[in-house]
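Below: one structure, written as structure tokens.
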Amino acid sequence: SNATATATFEIIDKTPPMITIPQSIPNIVSTGKQVKFTVKVIDRESGVKFVIIDLASIKGTSTQQMSDDGTNGDEVANDGVYTYKTTIPNSVSLGIKNLITTAQDNVSNISNGTITLQVINPKIISILPSSGTIGTKVTIKGEGYYASERIRVDFGTTKSIAVILAESNGSFTATFTTDLQPYGKKTITAVGLLSNALTSTTFNLLVPKITSVIPQSGPIGTIVTLQGEGYLATEQIRIDFGTTKSIVVTTASIIGSFTA
């Protein structure tokens with residue numbers, strides 16, 4: 001017999017999309033700053049239908065669409081790299097966040113990936129003293145940096161006047177001595193060398209001056225009290241009166257003030 005029969009066999013795609021290189025750029029980000037999430041997704045059988053990311057832990061939607069069309073931070077359209085760019089709200093709690101990405105192909109196969117980032121909120125919480133002269137010892141305290149990262153402290157025109165390590169909880173204490181530079185209000189900046197987190201405060205570098213003379217007139221023998229500020233910390237100060245040199249010698253306080 002030359003009889004033939006025909007049957008149909010369907011090949012079903014059961015292979016889910018492959019998610020690789022899940023990234024947060026940067027992976028340490030301060031509240032109020034922008035961050036970009038990217039994943040590489042490949043599905044050679046049925047093609048990628050969509051890629052979403054769960055942003056609930058950073059106050060976003062749980063089904064945020066990621067794009068591969070050259071928009072919203074995506075660098076190259078149709079290259080298989082899916083991207084979403086956003087700003088971390090100030091209300092987000094600090095710490096490590098694991099964001100789940102989901103890729104689905106055109107026959108409903110699904111795969112997941114995880115993007116991890118650390119949310120920080122750097123700030124300087126105290127400065128003592130907040131004003132003084134050249135040579136004043138200043139202590140600043142901060143918090144909200146990345147655990148155990150190196151923090152560079154800049155003072156006015158001086159870079160790296162101090163470099164310290166943050167504690168495991170992201171706090172730090174730094175002490176430095178003000179150096180020679182123009183008088184006036186100076187910016188103190190604390191920069192996380194791993195996180196690039198930056199925050200600042202100000203210190204008033206005082207100009208040497210006499211701030212009061214009591215009394216301002218009187219006969220010979222009158223006791224006069226002078227007050228001043230803006231001198232080097234603990235330096236000796238010579239008071240001259242008219243033609244008399246060194247009528248009194250006193251010592252400035254640790255913030256450069258004196259009473260004589």
Side-chain angles (χ1 to χ4, degrees), residues 21-39 53-60 64 72-73 75 83-101 113-132 134 136-182 184-205:
I21 324 177
Q23 303 187 83
S24 171
I25 306 170
N27 64 346
I28 305 169
V29 61
S30 302
T31 56
K33 300 295 184 181
Q34 279 199 332
V35 62
K36 183 167 73 172
F37 305 118
T38 64
V39 290
I53 182 169
D54 183 349
L55 301 179
S57 64
I58 57 169
K59 306 288 188 178
Q64 177 61 57
N72 193 35
E75 295 182 2
T83 304
Y84 183 71
K85 185 165 67 174
T86 189
T87 299
I88 303 295
N90 290 323
S91 58
V92 170
S93 62
L94 308 185
I96 294 174
K97 311 295 180 182
N98 293 310
L99 312 180
I100 304 301
T101 59
T114 302
I115 295 176
T116 300
L117 79 156
Q118 172 103 29
V119 177
I120 60 176
N121 182 22
K123 62 181 75 172
I124 293 174
I125 58 175
S126 72
I127 172 172
L128 290 174
S130 59
S131 65
I134 294 167
T136 299
K137 184 174 287 188
V138 179
T139 298
I140 63 171
K141 294 184 178 183
E143 64 183 17
Y145 285 78
Y146 189 67
S148 304
E149 73 173 325
R150 287 164 63 86
I151 297 173
R152 187 191 79 216
V153 178
D154 302 335
F155 173 69
T157 58
T158 303
K159 300 291 186 183
S160 301
I161 199 165
V163 178
I164 67 281
L165 285 178
E167 301 292 338
S168 59
N169 64 358
S171 65
F172 76 89
T173 299
T175 299
F176 64 89
T177 301
T178 58
D179 60 354
L180 182 61
Q181 52 185 286
K185 189 165 287 189
K186 300 298 168 186
T187 299
I188 299 174
T189 303
V191 182
L193 299 183
L194 179 61
S195 65
N196 291 316
L198 181 151
T199 189
S200 62
T201 187
T202 58
F203 178 89
N204 191 21
L205 193 59

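When reading the values below, keep in mind they use all heavy atoms of this one structure, side chains included, and skip hydrogens, waters and symmetry mates. Please read all numbers here as calculations on a predicted model, not as lab measurements.
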*Determine whether the side chains of Thr158 and Asp179 contain a donor N or O and an acceptor N or O closer than 3.5 Å.*
yes
_Evaluate Thr101 against Asp54 for side-chain contact (heavy atoms from CB on, under 4.5 Å), listing each step before the verdict._
CA-CA 6 Å; Thr101 59; Asp54 183 349; over 6 Å; no
*How many angstroms lie between OG1 in Thr199 and CD1 in Ile124, if you round to the nearest 0.5 Å?*
5.0 Å
_With a 4.5 Å cut-off on side-chain heavy atoms, are Val119 and Thr31 touching?_
yes
_Just verifying a value: how many Å separate Ile115 CD1 and Asn98 CG, rounded to the nearest 0.5 Å?_
10.5 Å
*Given the rule in the side-chain contact (heavy atoms from CB on, under 4.5 Å) test, do Thr173 and Ile164 qualify, once you have shown the distances and angles that lead to the verdict?*
CA-CA 8 Å; Thr173 299; Ile164 67 281; over 6 Å; no
*Can you find a side-chain donor-acceptor pair between Thr38 and Thr83 that sits under 3.5 Å?*
no
*Is there side-chain contact between Lys59 and Ser91, with at least one heavy-atom pair below 4.5 Å?*
yes
_Could you report the tightest heavy-atom contact between Ser168 and Ala147, atom names first, then the distance?_
O-CB, 3.2 Å
*Parallel under 30°, tilted from 30 to 60°, perpendicular over 60°: which one fits the rings of Phe172 and Tyr145?*
perpendicular
*May I have the step-by-step check of side-chain contact (heavy atoms from CB on, under 4.5 Å) for Ile140 and Val153, ending in yes or no?*
CA-CA 9 Å; Ile140 63 171; Val153 178; 4.0 Å; yes
*Indicate yes or no: at least one non-hydrogen side-chain atom of Ile151 is less than 4.5 angstrom from one of Val163.*
no
*Taking atom NZ of Lys36 as the centre, does the number of heavy atoms from other residues, nucleotides or ligands within less than 6.0 Å exceed 12?*
yes
_Heavy-atom closest pair, residues Pro129 and Val138_ = O-CG1, 4.0 Å
*Drop me the distance from Asn90's CG to Asn121's CG, to the nearest 0.5 angstrom.*
7.0 Å
*Quick one: do Ile25 and Val35 satisfy side-chain contact (heavy atoms from CB on, under 4.5 Å)? Show the steps, please.*
CA-CA 6 Å; Ile25 306 170; Val35 62; 5.9 Å; no
*Would you indicate whether the side-chain heavy atoms of Thr187 and Phe203 approach each other to under 4.5 Å?*
no
*Donor-acceptor contact below 3.5 Å, side chain Gln64 vs main chain Leu55*: no
*Looking only at non-hydrogen atoms, find the nearest pair between Asn72 and Lys85 and report the distance.*
ND2-N, 3.3 Å
*So, for Ser195 and Tyr146, which heavy atoms are closest and what is the spacing to 0.1 Å?*
CB-CB, 4.2 Å
*Any pair with a residue in residues 137-162 that passes salt bridge (charged side-chain N to carboxylate O under 4.0 Å, His left out), sequence neighbours left out, goes on the list, sorted by first then second residue, please.*
Arg152-Asp154, Asp154-Lys159
*For the atom pair OG (Ser131) and NZ (Lys186), what is the distance rounded to the nearest 0.5 Å?*
14.0 Å
*Measure the CD1-OG1 distance between Ile127 and Thr139 for me, rounded to the nearest 0.5 Å.*
9.0 Å
*Which atom pair, heavy atoms only, marks the closest approach of Ser57 to Leu99?*
OG-CD2, 3.1 Å
*asked:* If I compare all heavy atoms of Ile96 with all of Gln118, which pair ends up nearest, and what's the gap?
replied: CG1-OE1, 3.2 Å
_For the CG atom of Leu180 and the OG1 atom of Thr157, what is their distance to the nearest 0.5 Å?_
9.0 Å
*Is there a donor-acceptor pair under 3.5 Å between the side chain of Thr178 and the backbone N or O of Thr136?*
yes
_Passing candidate, side-chain contact (heavy atoms from CB on, under 4.5 Å) with Val29, options Leu117, Ile58, Val92, Thr87_ = Leu117
